[in-house]
**Q** 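Quick one: the structure is below, questions incoming.
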Amino acid sequence: MALIPAQPSANPRVKKDMEAVAALDRDAELMLRVREGDDISFALLLERHRGPVVHFLYRMVQNPSVSEELAQEVFLRVYRSRATYEPTAKFTTWLFRIATHVALNWVRDGKKEKGQESLDEQVVDGVDRQVRDRQPTIEQEMLHQVKMTEVRQAIDALPAKQRAAVLMHKYEELEYAQIARALNCSESAVKSLLFRAYEALRSRLAHMAG
Amino acid sequence: MNCPTKRNEDAEILLDYCARKLAPLQTAEFEIHLKQCPDCSRLVEAQKEVLAALKAWTPGPVSADFDARLYARIAAEEAQAAPAWRLWLRRIFQPPVPYPLWKSAVPLIAACAVLAVALSVRMPDSVDHRLRADKVDIEQVEQTLEDFDILTPAVQAPAGSM
C-alpha cells in the first residue's frame with residue numbers, strides 16, 4: 001500500500017478543525033480526513049493502531065481469535081462514526097474508549113467462558129517465540145511458560161474494569177485522564193482502580209522475584 | 001512528604017515512580033523518603049517485579065489477513081446501505097483498499113487507443129474513395145466537352161457549304 005503524505009485540506013470546516021487539533025495529535029488530523037472521505041487516512045490509522053488494539057483486547061479476553069474479532073468491531077465502529085467524529089480529545093483516548101467498551105460488553109455478556117482457551121495450551125505469545133529464538137534449555141523454557149501462565153492468570157483474575165485500567169496504564173502508557181475517559185469515570189476512581197489492581201497483582205506475583 | 005502507603009491519594013506517586021513517569025524533583029524527593037521508609041521500599045521492589053513480569057508478556061503478531069477481513073466487512077456494510085450505482089462509482093474512484101489513482105485511468109486510455117486506431121484505419125479509405133469519385137466526375141465532364149467539340153464542326157459544315 002502506497003503511503004501518501006496528507007495534503008492541506010481546502011474544506012473550511014476541516015481547516016478549522018485542523019487548527020483545533022493541531023495541539024492534540026496527528027491521529028485526530030487523519031481521522032478528520034477520514035471524515036471527509038479519505039480512505040488512505042483510514043488505512044494509515046489502521047496501520048498505526050492495529051497492533052496496540054489487538055494486543056489490548058488479547059490481554060483483556062486472552063483468546064487470539066476473539067481478540068481479532070473484537071478489534072475488527074472496534075475499527076468498524078471507528079469507520080461507521082467517521083461522519084460524526086469531533087476531535088474533542090486525543091484520538092487514542094477515543095479509540096481505547098471504544099475498545100474498552102467492546103471488551104467489557106463481551107465480558108459482561110458472559111462469552112468469556114465459552115470463548116476462552118485453556119491457558120496452559122496457549123503458545124501464541126510473541127515472547128514464547130523470542131525465547132525459542134535464543135535457544136534456551138528445556139528447563140528455562142518450561143520455567144518461562146509457567147511464569148507467563150501465572151501472569152495471564154493473575155491478570156485474568158482481576159475484575160474487568162481493573163484489568164482494563166492496568167492494561168491501558170502499563171502497556172498503552174495512557175495518562176490517568178485518558179484512562180478515566182475510556183472507562184467513563186473520574187481520575188481519582190482510576191487511581192483507586194489501579195492501586196487495588198496492582199495490589200492484587202503484587203500479592204499474586206510476589207513469588208516470581210528473581 | 002506523605003507516605004504513599006498510608007494514603008490512597010498518594011499512591012499515584014508510587015505507581016509513577018515505578019513506571020518512571022515522575023518528574024525529576026518529585027523523584028528526588030521520593031527517593032529520600034524511600035531511604036527512611038521500609039514499607040515503601042518493599043512496595044517499590046514488589047511493584048517493580050510485577051511490572052517486569054507484565055513486560056515479559058508479549059502477544060503474538062496480528063493475522064496477515066486482518067485488514068482484508070476488515071475491508072470486506074466495511075464493503076459489505078456499505079453495499080447494504082448505498083444504492084448500486086453509487087457503490088459502482090465508489091469502487092472505481094475510492095476503492096476500500098487504496099491504490100494509485102492512475103490505475104483508474106488505464107481502461108479509459110485503452111478505450112481511447114482502440115478508438116484512435118480504428119479511426120486511422122477507416123479514414124484514409126473513405127477519403128480516397130471520395131477523391132476518386134471527384135476525379136471520375138471531372139473526367140466525365142471533360143470527355144463530354146471533347147465530344148461536343150468533335151461533333152460541332154460536323155454539324156456546321158453542311159451549313160457553310162450551302
Side-chain angles (χ1 to χ4, degrees), chain A residues 1-2 4 37-40 42-43 46-47 50-51 53-55 58-59 64-65 67-68 71-73 75-76 79-80 123-130 144 147-148 150-152 154-155 166-167 169-171 173 175-176 188 191-192 194-196 198-199 201-206 208-210, chain B residues 4-5 7-21 42-78 80-81 86 90-91 93-103:
Chain A
M1 184 188 302
I4 298 165
D38 180 6
D39 287 335
I40 292 172
F42 182 74
L46 182 62
E47 186 67 34
R50 184 199 308 111
V53 169
V54 172
H55 292 164
Y58 170 68
R59 289 179 177 118
S65 56
S67 63
E68 287 202 3
Q72 296 241 325
E73 183 60 33
F75 286 109
L76 208 55
Y79 193 79
R80 270 186 214 140
V123 285
V124 293
D125 291 349
V127 72
D128 296 331
R129 276 185 289 279
Q130 287 167 15
H144 184 79
K147 279 185 175 181
M148 285 307 100
E150 282 185 44
V151 169
R152 284 195 292 257
I155 289 283
V166 164
L167 297 180
H169 180 256
K170 168 69 186 112
Y171 296 105
E173 297 189 338
E175 305 291 331
Y176 296 116
S188 59
K191 286 172 192 171
S192 176
L194 282 171
F195 193 74
R196 277 183 281 141
Y198 280 122
E199 203 169 32
L201 290 174
R202 281 196 297 269
S203 67
R204 278 176 167 267
L205 303 174
M208 282 176 65
Chain B
T5 57
R7 288 178 60 198
N8 265 7
E9 292 79 19
D10 298 322
E12 151 186 14
I13 294 171
L14 181 84
L15 297 183
D16 287 349
Y17 175 77
C18 295
R20 297 175 187 205
K21 287 180 184 172
R42 269 195 299 275
L43 214 62
V44 163
E45 285 310 306
Q47 180 68 10
K48 281 182 178 173
E49 282 156 17
V50 166
L51 293 179
L54 293 180
K55 194 181 174 185
W57 184 23
T58 320
V62 180
S63 302
D65 65 342
F66 182 88
D67 290 9
R69 283 187 286 139
L70 177 66
Y71 287 127
R73 284 179 71 173
I74 289 172
E77 275 202 4
E78 289 193 335
Q80 284 181 337
R86 190 179 293 171
R90 191 173 166 76
R91 242 180 245 150
F93 295 108
Q94 289 181 311
V97 180
Y99 64 88
L101 199 62
W102 63 264
K103 283 189 181 176

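Treat the numbers as computed from the prediction; the structure is a model and nothing was measured. Lettering follows sequence order; numbering is per chain, from 1.
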**Q** Report the distance from atom CZ of B/Arg69 to atom CD of A/Gln72, rounding to the nearest 0.5 Å.
**A** 4.5 Å

**Q** Does A/Glu175 CD have over 12 foreign heavy atoms under 6.0 Å away?
**A**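 Not buried by this count: 12 neighbours or fewer within 6.0 Å.
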
**Q** Atom OH in A/Tyr198, atom CG in B/Leu51: separation rounded to 0.5 Å?
**A**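 CG of B/Leu51 is found 5.5 Å from OH of A/Tyr198.
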
**Q** Kindly give the heavy-atom pair with the smallest separation between B/Val62 and A/Gly51, and that separation in Å.
**A**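 B/Val62 and A/Gly51 have their closest heavy atoms at CG2-CA, 4.2 Å.
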
**Q** Among A/Val54, A/Leu76, A/Leu167, who wins on heavy-atom pairs under 4.5 Å with chain B?
**A** A/Leu76

**Q** Please examine the side chains of A/Phe75 and B/Asp67, heavy atoms only from C-beta on, and report whether any two atoms are closer than 4.5 Å.
**A** no

**Q** Quick check: do B/Glu45 and A/Arg202 have side-chain heavy atoms less than 4.5 Å from each other?
**A**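 The answer is no, as the side chains (C-beta and beyond) never meet within the 4.5 Å cut-off.
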
**Q** Considering only heavy atoms, which portion of B/Lys55 lies under 4.5 Å from any heavy atom of chain A: side chain, backbone, both, or neither?
**A** both

**Q** Let me confirm one number: the OG-CZ distance from B/Ser63 to A/Arg50, rounded to the nearest 0.5 Å.
**A**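 Nearest 0.5 Å value for the OG-CZ distance: 10.5 Å.
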
**Q** Could you give the distance from OG1 (B/Thr58) to OH (A/Tyr58), rounded to the nearest 0.5 Å?
**A** 10.5 Å

**Q** What part of A/Arg59 gets closer than 4.5 Å to chain B, counting heavy atoms only: side chain, backbone, both or neither?
**A** both

**Q** Nearest 0.5 Å, what's the CD-CZ distance between B/Glu77 and A/Arg80?
**A**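 Going from CD on B/Glu77 over to CZ on A/Arg80, the span is 4.0 Å.
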
**Q** Select, from B/Leu70, B/Val50, B/Leu15, the one with the greatest count of heavy-atom pairs under 4.5 Å involving chain A.
**A** B/Leu70

**Q** So which heavy atom on A/His55 is nearest to which on B/Gly60, and how close?
**A**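 Smallest heavy-atom distance, with atoms named: NE2-O, 3.1 Å.
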
**Q** Just verifying a value: how many Å separate B/Leu54 CG and A/Leu205 CG, rounded to the nearest 0.5 Å?
**A** 7.0 Å

**Q** Does any heavy atom of chain B fall under 4.5 Å from the side chain of A/Leu46, the backbone, both, or neither of them?
**A**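 Contact with chain B is through the side chain of A/Leu46 alone.
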
**Q** Quick one about B/Asp16 and A/Tyr176 (side-chain donor to acceptor, distance below 3.5 Å, no hydrogens or angles considered), yes or no?
**A**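 Per modelled atom types, A/Tyr176 and B/Asp16 side chains form a pair under 3.5 Å.
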
**Q** Between A/His169 and B/Lys21, does the side chain to side chain contact (heavy atoms under 4.5 Å, CB included) criterion hold? Intermediate values first, please.
**A** CA-CA 11 Å; A/His169 180 256; B/Lys21 287 180 184 172; 3.9 Å; yes

**Q** Is A/Ala71 in contact with chain B via its backbone, its side chain, both, or neither, using a 4.5 Å heavy-atom distance?
**A** both

